[in-house]
Amino acid sequence: MTLDRNAVDQLLSLNDKQLAIVIRKLSAEAGIDPTALQITPATISAIRAALSVATDEDLKKASEQLAGLQRNGKQHD
């Protein structure tokens with residue numbers, strides 16, 4: 001997943017349950033055990049707040065980190 005302003009806007013348009021599903025899916029793809037995540041309403045709120053103020057540079061860095069995690073996660077399969 002490439003995080004750009006359009007992707008962030010789409011994520012922010014999701015309801016809390018949908019956003020949690022996306023987060024779990026991305027975590028699993030990155031090799032992180034999604035059951036280990038404790039996604040609470042406060043967590044979702046914090047994620048929404050962070051996404052809403054993220055700069056283009058923040059999004060670029062996050063995309064690079066996510067891509068790296070996904071490559072490493074797939075190597076362990």
Strictly distance-based, threshold 3.5 Å: is any side-chain N or O of [X] a donor or acceptor partner for the main-chain N or O of [Y]?
X	Y	answer
S45	P41	no
R24	T35	no
S27	P34	no
D58	T55	yes

Item checked: Close side-chain approach of Q10 to N6, heavy-atom, < 4.5 Å ->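 No, side chains not in contact.
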
Checklist line | pair L51-R48: side-chain heavy atoms closer than 4.5 Å | finding: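 No, every pair of side-chain atoms sits at 4.5 Å or beyond.
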
Margin query: Using the side chain to side chain contact (heavy atoms under 4.5 Å, CB included) definition, which of the options L3, I23, I47 pairs with L11?
Written below: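 Output: one option passes, namely L3.
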
Notebook entry, point to check: How many angstroms lie between CZ in R5 and CG in L12, if you round to the nearest 0.5 Å?
Noted result: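 Interatomic distance, R5 CZ to L12 CG, rounded to 0.5 Å: 8.5 Å.
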
Check: What distance separates K17 NZ from I44 CD1, expressed to the nearest 0.5 Å?
Finding: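 Result: 12.5 Å between the selected atoms.
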
Check: Applying the 4.5 Å side-chain criterion to the ILVMFWY set and letting contacts propagate, would I39 and I21 be lumped into a single cluster?
Finding: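 As far as the 4.5 Å side-chain criterion goes, I21 and I39 are not connected within one cluster.
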
